[in-house]
2 protein chains.
Amino acid sequence: MTTDEPRTDPTRRAGVRQVAERAGVALSSVSRVLSGHPDVSELMRHRVLDAVAALGYEPDHLAQSLRRGASMTVGYVVGDISNPLTAQIALGAETALRRAGYSLLLVNSTSDPDLDAQHIRLLRQRRTDGLLLAMADERHAATIAELERYPGPCVLVDRVCAKLPRASGVHSDHRAGLSAAVEHLYRLGHRHIALVNGDPRVLPARERAAVLRRFARGVPDLEVTVRPGGFTAAHGRDATAALLAGGAGRPTAVIAGGNQILPGVLAAVRAAGLTVPTDLSLVTCDQVALVEFLRPPLATVTRDLGDLGEVAAALLLERLSGRARRRVTLPTGFRADHSCAPPPKRPT
Amino acid sequence: MTTDEPRTDPTRRAGVRQVAERAGVALSSVSRVLSGHPDVSELMRHRVLDAVAALGYEPDHLAQSLRRGASMTVGYVVGDISNPLTAQIALGAETALRRAGYSLLLVNSTSDPDLDAQHIRLLRQRRTDGLLLAMADERHAATIAELERYPGPCVLVDRVCAKLPRASGVHSDHRAGLSAAVEHLYRLGHRHIALVNGDPRVLPARERAAVLRRFARGVPDLEVTVRPGGFTAAHGRDATAALLAGGAGRPTAVIAGGNQILPGVLAAVRAAGLTVPTDLSLVTCDQVALVEFLRPPLATVTRDLGDLGEVAAALLLERLSGRARRRVTLPTGFRADHSCAPPPKRPT
DNA sequence: GTGAAAGCGCTAACAT
DNA sequence: ATGTTAGCGCTTTCAC
């Protein structure tokens with residue numbers, strides 16, 4: 001045995017310490033080389049990098065985080081990741097964040113406002129550097145309180161909250177696309193339009209309702225009905241069934257206020273034995289898989305959800321690099337399709 | 001000024017240190033109280049908890065992780081989180097893991113095997129305690145190599161790899177549901193069935209192909225065609241278009257081997273001007289939103305993806321608590337529907 | 001039952 | 001340009 005190196009446990013991963021020993025230099029020199037400090041000689045750089053390669057050294061991200069005071073981790077609080085819209089946003093955000101060296105910690109709150117608040121606390125204790133948040137209730141006191149205690153920057157995703165002036169935000173201009181839809185229906189002759197809406201505790205639902213109400217104010221011969229509820233198929237089904245049971249007073253066009261609501265609306269329409277668009281015109285919000293293969297293909301209020309995630313990530317990265325808070329609005333569109341037609345002649 | 005407490009910076013969060021000072025006890029006592037050590041007097045417990053409450057102390061999860069050698073974090077490597085199936089699995093897994101105190105670090109590899117490998121490295125450096133993995137290529141050398149170097153337990157989600165004997169795994173029994181579908185088609189009279197398949201580098205695609213081939217071997221008068229490719233709509237469209245252009249030799253039934261492939265298949269069928277099921281029978285794999293509202297409603301090979309995520313989480317938690325590695329197979333079913341009918345009479 | 005002290009793996013002064 | 005030292009905030013021996 002001619003080795004003079006102290007036999008360190010080979011099953012255990014090497015740390016800067018082992019690298020320094022092997023290279024015959026100080027710990028700090030290893031750290032300097034690895035973090036790209038300018039003042040290092042070529043000789044030093046080589047000695048260290050050789051030792052790093054020989055030992056298969058990898059920095060401990062956890063220790064770095066503790067020491068540097070930055071975890072390079074971002075929390076993403078969502079109501080329901082299994083909603084394809086949420087998932088598309090997550091994809092956009094994760095990709096952009098990872099490019100900047102951040103990782104995404106995902107927490108799901110099943111659209112429970114109290115869980116939102118708990119999760120913000122968790123993410124604070126985990127020392128995430130920032131937050132992306134699509135809370136279930138923009139005015140929930142506990143959520144707002146936790147957010148105020150949260151030390152890092154926060155970006156609201158398709159949400160707004162006046163009580164959080166520190167937060168950045170990105171949201172779709174839900175009014176634009178839906179206005180186009182309502183106008184389209186009105187021009188086709190519809191005089192009673194119903195919106196089977198989601199939960200008005202979040203921006204998208206409130207904006208959609210606002211579009212219908214505002215439009216109706218400007219056009220006296222238009223009647224509008226808004227049925228708020230959960231973003232669920234069950235609500236879509238029940239609300240639509242009730243609307244369609246309205247006899248002569250029933251709407252001639254129905255707008256599904258979200259992809260989760262749509263299946264319920266379709267089920268109710270089918271159960272009522274109505275034909276689209278002959279008996280009833282239909283519009284849905286948010287493009288999801290297969291809508292274009294329904295018969296007839298559904299007219300849709302469209303937007304780019306990957307964008308939403310990417311912009312959210314960009315806004316957070318801005319704040320993390322010290323820049324000011326900002327709010328961004330992204331466009332929505334409307335794709336008319338065969339699910340909209342003039343209303344049936346009403347028997348007089 | 002009668003206070004004798006040293007005025008600590010109030011903008012800064014309190015640590016165990018501050019709690020100990022305020023309570024007039026040692027650091028270690030604070031730690032003991034907070035971690036529920038048995039040997040603590042009631043007096044001590046109260047003094048500490050009072051100070052904790054007064055200062056609004058919250059433990060630093062990062063520091064705990066470093067010291068304890070466990071980050072209470074699990075990495076989840078997916079090909080595409082925006083795929084609703086993946087997202088449903090993620091929901092099941094996140095929920096189960098969070099219940100056990102773990103958080104989920106999500107990384108998306110855009111189905112790029114090299115990114116899979118890179119991500120495993122990242123998650124190792126971040127000291128995640130374990131891994132959930134749905135890799136893009138089960139045999140990719142870099143992925144396997146990184147996985148072998150990964151120190152914690154790993155659960156393959158709907159994937160298998162003989163070279164990773166240490167890994168737990170959960171996957172659907174893709175054969176069962178698809179066998180039922182093929183049998184159903186055969187009984188209806190179909191003698192040429194095509195599978196527009198996904199990428200055979202992953203288990204689901206291989207199992208689906210195997211079902212068709214095995215069935216054909218047992219039934220000499222059945223012709224089967226398998227068109228492997230990416231799990232994409234583009235592949236679905238192109239492959240289906242090619243199949244349908246086959247003239248007299250074209251299949252009378254087509255199976256879409258995944259939810260991503262389905263829209264392409266539907267587009268090609270529509271483009272070919274064929275009517276389902278009169279001209280062509282159709283089956284798809286994996287229930288997704290709206291399939292039941294297509295006309296006709298699509299026959300579907302079904303499974304519970306939330307389960308897949310939950311079981312994956314459970315298997316990982318088992319390993320994390322020292323128990324042995326395990327493999328679980330979950331059931332699939334088949335829901336026949338109006339998209340399947342006897343094949344059209346062939347002109348002789 | 002409680003306190004003192006060591007150290008998880010790393011970085012950033014501060015020296016030289 | 002390199003080495004020495006003091007922590008980041010916490011847990012955990014080890015003494016008493």
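Values reported hereafter were calculated over all heavy atoms of this structure, with side chains retained and with hydrogens, waters and symmetry mates removed.
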Under a 3.5 Å threshold, yes or no: a donor from one side chain and an acceptor from the other, between A/T73 and A/R126? no
Looking at residues at least two apart in the chain, or sitting in another chain, which of them share a side chain to side chain contact (heavy atoms under 4.5 Å, CB included) with A/R319? A/P153, A/S168, A/R325
Residue list, side chain to side chain contact (heavy atoms under 4.5 Å, CB included) with B/D112, at least two apart or on another chain: B/T110, B/D114, B/L115
With B/I89, which of B/D158, B/V311, B/V157, B/L132 fulfils side-chain contact (heavy atoms from CB on, under 4.5 Å)? B/V157
My understanding is that only one of B/M135, B/R139, B/R159 makes a side-chain contact (heavy atoms from CB on, under 4.5 Å) with B/V202; could you say which? B/R159
Treat primed atoms plus P, OP1 and OP2 as sugar-phosphate and everything else as base, then score nucleotides 7-16 of chain D 5' to 3': B for base contact with protein heavy atoms under 4.0 Å, S for sugar-phosphate contact only, - for none. BBBBBB----
Walking along DNA chain C from 5' to 3', note the first and the last nucleotide with an atom under 4.0 Å from a heavy atom of chain A, and give both. C/dG9 to C/dA13
Any Lys/Arg nitrogen of B/R32 or B/D39 sitting under 4.0 Å from an Asp/Glu carboxylate oxygen of the other? no
Presence of salt bridge, B/R121 and A/E58, under 4.0 angstrom: yes
Name each donor-acceptor pair under 3.5 Å that joins a side chain in residues 75-82 of chain B to protein atoms two or more places apart or in another chain, with its distance.
residue : atom : partner : partner atom : Å
B/D80   : OD1  : B/S82   : N            : 2.9
B/D80   : OD1  : B/S82   : OG           : 2.7
B/D80   : OD2  : B/S82   : OG           : 3.3

Exercise: identify the closest heavy-atom pair between A/L55 and A/A14: CB-CB, 3.9 Å
Take a 6.0 Å sphere around CZ of B/R17 and say whether it holds more than 12 heavy atoms from other residues, nucleotides or ligands. no
Could you check which residues of residues 40-53 of chain B get a heavy atom under 4.0 Å from DNA chain C? Sort them by number, please. B/V40, B/S41, B/M44
